[in-house]
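Beneath this line is the structure, given in structure tokens, with notes to follow.
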Amino acid sequence: MAVSAHTIDVEFVPMLNHVKPAEMGADLQRRIHTATTERSYDQVLLGFGLCGNTIVDLVCPIPMVIPRVHDCCTLFMGSKERFMEAFGDHLSMHWCTGGYFERGYNQGDSNYDWDALSPGQRSAHPEYMQWVEQYGEENAAYIWETMYSEMGTAEAAYIRMNVPAYNDTACEERFSKMVSEQGKTVRILQGDISYLDALINGPWDDARFLTVQPGQRVRALYDMDRVITTQ
Amino acid sequence: MSKCNDISLAVQKGKKNDAVTFVQEALSEGIKAEQILTEGLLPAMDIVGQKFTANEIYVPEMLIAARAMNAAMEILKPMLVDAGVKPIGRAVIGTVKGDLHDIGKNLVRLMLEGKGIEVFDLGVDVSAEQFADAAAEHDATIVACSALLTTTMTEMKRVVEVFVERGLRDKVKIMVGGAPITEAFCKEIGADYYTADAASAGDVARNILVSA
């Protein structure tokens, strides 16, 4: 964004919010309203995909550009073709990027630190300690294992973004260690910044981006190609 | 019956060991298994479901309550079978193909079991054909499908299509749920019921079977 020909103000949304699509959608709508009311912009560029229907029903008083993706994984992979190549047969596979790892599940919230969720760390986890206090040790252990049990995938993916001047080797190593401790293998995928670059700089071609005009609402298509539309 | 009330309270609080002890005491006092089920366990899970819907309790409480109920049911099951007590109906449940998320699906299974429904859990990554095979094999009235991803929820449409193709559509009610699922999507794909949470899924499933 710093090197973009466009002048861009950035708004970040806490990561954990994505597990509550309705609340996150309302939050996005508020942010869009506030941003476009307080300053004069040409476009809103939404760095989101369909993301559990989070963006469904959003409106914007100025043109709003949204990538036609289900979630940000496709943005990191560079295209829906590369996403399908890597994830088509493993749609539930856990994946991680350097930024994802650095932020944990929730930006700035130690309760959702990756390390704290590692095997062997639960007894010191604030949420676990609270369950022990409320329901006893045996029930707390059962709740933990049920809520945080690992899904049955044998692999987890780390996406190397290969961005100049950003060294995420330490993140990759820590992620790999954590995944190995869970008995899984790490699949290293080569990320591609071009889709994110196009979101920031254009062109916003119809194949990759939906442009929502004032008066239109975002709608989901639930397919793997167009993903979203307007109404 | 105070013993059934004790059992109910133990289940509601997720006190598995207490629930098991109280069930054993009730049986030794001559209380029949069916009475323990209908006056202790099922009302307990009704209350748990209502409190969950009202946001008075959350997933952890629901999990341990269902666990306590299952522990009690393990004791009662052979006696219920001997006494000819049958479940109110049968359901097959699973997370759709490509999707490995199972917490929500497991909660729905527990709530369905808490309504006296016999549930055949097909697990995760279940194809439309597997849903249809299982529904036919177990003569199920309810097919409950879960998905957490927008990339996998379209498999639910395939589930409906396969039941139509096999001539089974009129024999079952298809329920759908999961974070990205909506009432509109349910209607669009031709499923029968969308429920927003596990407790309401239990209520809807019971209503389907009671009115069948």
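Quick caveat: nothing in here was measured; it's all calculated off a predicted structure. Chain letters run A, B, ... following the sequence lines, proteins first and then strands; every chain starts at 1.
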**Asked** Could you go step by step and tell me if A:Leu91 and B:Asp99 meet the side-chain contact (heavy atoms from CB on, under 4.5 Å) rule?
**Response** CA-CA 7 Å; A:Leu91 289 168; B:Asp99 203 323; over 6 Å; no
**Message:** Looking at chain A, which one of B:Ile181, B:Leu149, B:Thr182 has the largest number of heavy-atom pairs inside 4.5 Å, strictly under?
**Reply:**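 Looking at each of B:Ile181, B:Leu149, B:Thr182 in turn, B:Leu149 comes out on top.
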**Pairs of heavy atoms under 4.5 Å with chain A: top-ranked of B:Gly98, B:Ala184, B:Gly14** =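 So the answer, after comparing B:Gly98, B:Ala184, B:Gly14, is B:Gly98.
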Residues, nucleotides or ligands: over 12 heavy atoms within 6.0 Å of [X] [atom1]:
X: B:Asp170; atom1: CG; answer: no
X: A:His33; atom1: NE2; answer: no
X: B:Glu29; atom1: CD; answer: yes

**Request:** Look up atom CG in A:Asn53 and atom CE in B:Met153, then write down how far apart they are to the nearest 0.5 Å.
**Result:**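 Those atoms lie 5.5 Å apart.
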**Request:** Starting at OG of A:Ser92, measure out to CG of B:Leu148 and round the result to the nearest 0.5 Å.
**Result:**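 Between A:Ser92 OG and B:Leu148 CG, I get 8.0 Å after rounding to 0.5 Å.
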List the atom pairs, with distances to 0.1 Å, where a side-chain N or O of residues 19-26 of chain B and a protein N or O form a donor-acceptor pair under 3.5 Å, not counting sequence neighbours.
residue: B:Thr21; atom: OG1; partner: B:Asn17; partner atom: O; Å: 2.8
residue: B:Glu25; atom: OE1; partner: B:Lys3; partner atom: NZ; Å: 2.6

**A:Asn139 side chain vs B:Ile64 backbone, donor-acceptor pair below 3.5 Å** = no
Side chain, backbone, both or neither of [X] within contact of chain A (heavy atoms, under 4.5 Å):
X: B:Val59; answer: side chain
X: B:Lys157; answer: neither
X: B:Leu63; answer: both
X: B:Thr151; answer: both

**Asked** Any side-chain donor-acceptor pair under 3.5 Å between B:Thr150 and A:His70?
**Response** yes
**Message:** If the threshold is 4.0 Å, N to carboxylate O, is there a salt bridge linking B:Lys15 and A:Glu138?
**Reply:**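 No, no charged N to carboxylate O under 4.0 Å.
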**Asked** Got A:Tyr142 and B:Lys16 here, is their nearest side-chain heavy-atom distance under 4.5 Å?
**Response** no
**Request:** Pull out the residues in residues 220-231 of chain A that come under 4.5 Å of chain B, heavy atom to heavy atom, sorted by number.
**Result:**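 Checking residues 220-231 of chain A against chain B gives A:Tyr222, A:Met224.
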